[in-house]
Amino acid sequence: MTQTWWWPLAMILIAGWLATDVWRWIGVFAGGRLREDGELLIWVRCVATALVAGLIAKLILFPQGTLSETPMWLRLAAAAFGFAMFLIAKQRVIAGVLAGEAFLICGWVLLDAEAWML
Amino acid sequence: MTASDRSASAKTPLDPLVPSRVWVLRGAFSAISIPAFILSAAFVGYAGLARETGLTLIETLAMTGLVWALPSIVVLTGALQSGMGMIPAAIAVALASVRLMPMTMALLPIIKVPGKTKTWQLLLASHFVAVTAWVFAMRNLPELPREARLPFFLGFGGALTGFVFCITGIAYLLVEQLPQVVAGALFLLTPIYFLCSLWGAARLGADKVALAVGLVLGPVFYVYFPGLDLLLTGVIGGTLAYVGSRFMRKGLLS
């Protein structure tokens, strides 16, 4: 019933595009009345930042796809290592990303190798 | 413009008389950047997920171009996979996208020229609001003359979206040939990238406190209030961070 060819596209248009862009449009209409340095805007930025931070934690702790096969501690350690390297490298994002990825891939390969040996 | 102004702006020309199409081009060129590279890699990871889920190439590309916010795209993919109805799926995606509203609100006073910028221009520009472009804009736009900010942002957002759109399509066609470890590693790239760039874009202590609080509260709310978790994390965590850091800024009495 929901498998007609147009159904996924209708979902993308309404549940995807509309459900996402409507927030941006509301932001445009509401944001016109805010001052760049006002207290309300500081709060709004805190809300947005905490929300994305929550999503970050979710993506690390409860990932989808192949990544979910790795142990949680390895993902946490890789993210923490990446962030530490980001801070050490004077906040260069690329340093953090590469360090975190290298940590994850090394750990993953080592764990796989260990599993093979046993 | 005084002589000292000129020398200060010798590196990046800040002449407000530069026509806006030049600023659009400059914005487009500045999209050739490390954040764009990282975002592309994250979308390569997404293309793998989309293919695993059974989405067609057209559907994957439509989501990339129309939704243009990776977290919301991932939520919608999950909804399509589990055969969710339109209304529940829309609510789930809307909840995952709420953050775009405060982000747009925070960006707007920066890109708007009071009394001059048309609302439709802002609505158009708002489509490019997503973590990468937002972080880039919050960090770099305030250094530009006010008139240049909107065209620069349009150029940046348009070029970034176009490029990532193409990369996603190519990745969809090629992803099956990637080893599992590489495909999995691409999924972790997004959170590490979000984490570092969000910290880098923080202008006040409050932003960093909000980041830390959100990291802790996010998983807690996910376990106890799945579906509403992001909204709760944002409102409760953001408010806690705001109130706490306000006390630190101004003392308990004011």
Side-chain angles (χ1 to χ4, degrees), chain A residues 2 8-9 11-12 14-17 19-21 23-28 30-32 34-36 41-67 69-70 75 78-79 82-83 86 91 93-94 96-97 100-101 104-105 108-109, chain B residues 34 38 49 59 62-63 66-67 69 71-72 76 80 83 86 89-90 93-94 97-106 108-109 122-123 126 129 180-181 183-185 187-188 190-198 200 206-207 210-211 213-215 218-219 222 230 233-235 237-238 241-242:
Chain A
T2 56
L9 293 176
M11 285 281 279
I12 290 166
I14 293 167
W17 178 52
T20 310
D21 256 1
W23 293 114
R24 295 177 172 122
W25 298 333
I26 293 173
V28 166
L34 284 179
R35 280 202 10 253
E36 208 169 327
L41 204 67
I42 297 178
W43 176 76
V44 166
R45 287 221 332 236
C46 282
V47 170
T49 305
L51 218 153
V52 179
L55 186 75
I56 293 169
K58 250 172 85 174
L59 288 171
I60 295 170
L61 295 178
F62 315 105
Q64 291 166 325
T66 20
L67 187 60
E69 289 162 23
T70 58
R75 297 192 299 268
F83 186 64
F86 159 77
Q91 305 208 356
V93 176
I94 188 76
V97 169
E101 287 290 314
L104 175 79
I105 291 174
W108 200 344
V109 169
Chain B
I34 286 164
I38 300 168
L49 179 73
E59 288 156 12
M63 287 223 256
L66 289 174
V67 179
S72 314
L76 182 59
L80 280 169
M86 173 116 26
V93 173
S97 316
V98 179
R99 72 183 186 290
L100 298 171
M101 178 184 66
M103 284 162 72
T104 310
M105 283 167 76
L108 211 77
L122 294 169
L123 288 174
S126 76
V129 172
Q180 275 228 316
V181 172
F187 285 113
L188 193 71
T190 314
I192 299 182
Y193 161 61
F194 280 1
L195 182 64
C196 294
S197 45
L198 211 54
D207 297 329
L211 178 59
V213 173
L215 283 175
Y222 177 67
L230 287 180
T233 308
V235 173
Y242 170 75

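The structure displayed is predicted, hence computed values, not measured ones. What you see below is based on every heavy atom in this structure, not just the backbone, and it leaves out hydrogens, waters and symmetry mates.
Interface remark: B:Leu211 contributes backbone and side-chain atoms alike to the contact with chain A (heavy atom separation under 4.5 Å). Looking at B:Leu76, the atoms closer than 4.5 Å to chain A (heavy atoms on both sides) all sit in the side chain, from C-beta outward. In this structure, chain A has no heavy atom under 4.5 Å from any part of B:Val213. The part of A:Leu104 that comes within reach of chain B is its side chain, from C-beta onward, which places non-hydrogen atoms under 4.5 angstrom from that chain. Only the side chain of B:Ile38 comes within less than 4.5 Å of a heavy atom of chain A; its backbone N, CA, C and O stay farther away. Interface remark: B:Leu215 contributes backbone and side-chain atoms alike to the contact with chain A (heavy atom separation under 4.5 Å). The parts of A:Ile12 that come within reach of chain B are both its backbone and its side chain, each placing non-hydrogen atoms under 4.5 angstrom from that chain.
Each of B:Met63, B:Met86, B:Glu59 has some count of heavy-atom pairs under 4.5 Å with chain A, and the biggest count is that of B:Met86. Heavy-atom pairs under 4.5 Å with chain A were tallied for B:Ala206, B:Ala185, B:Gly200, B:Pro219; the largest tally goes to B:Ala185.
Taken to the nearest 0.5 Å, the CH2 atom of A:Trp25 stands 14.0 Å off from the CG atom of B:Leu122. Taken from OG in B:Ser126 to CG in A:Asp21, the straight-line distance is 6.0 Å, to the nearest 0.5 Å.
Using cut-offs of 30° and 60° for the angle between ring planes, the B:Tyr222 and A:Phe62 rings count as tilted.
Residues satisfying the side chain to side chain donor-acceptor pair (under 3.5 Å) criterion with A:Trp43, sequence neighbours excluded, are B:Thr239.
Side-chain contact check for A:Phe83 versus B:Ile192: every heavy-atom pair is 4.5 Å or farther apart.
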Donor-acceptor pairs under 3.5 angstrom involving side-chain atoms of residues 46-57 of chain A: please list them, not counting sequence neighbours.
residue: A:Thr49; atom: OG1; partner: A:Arg45; partner atom: O; Å: 2.7

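With hydrogens and angles left out, the side-chain atoms of A:Arg24 and B:Thr104 include no donor and acceptor closer than 3.5 Å.
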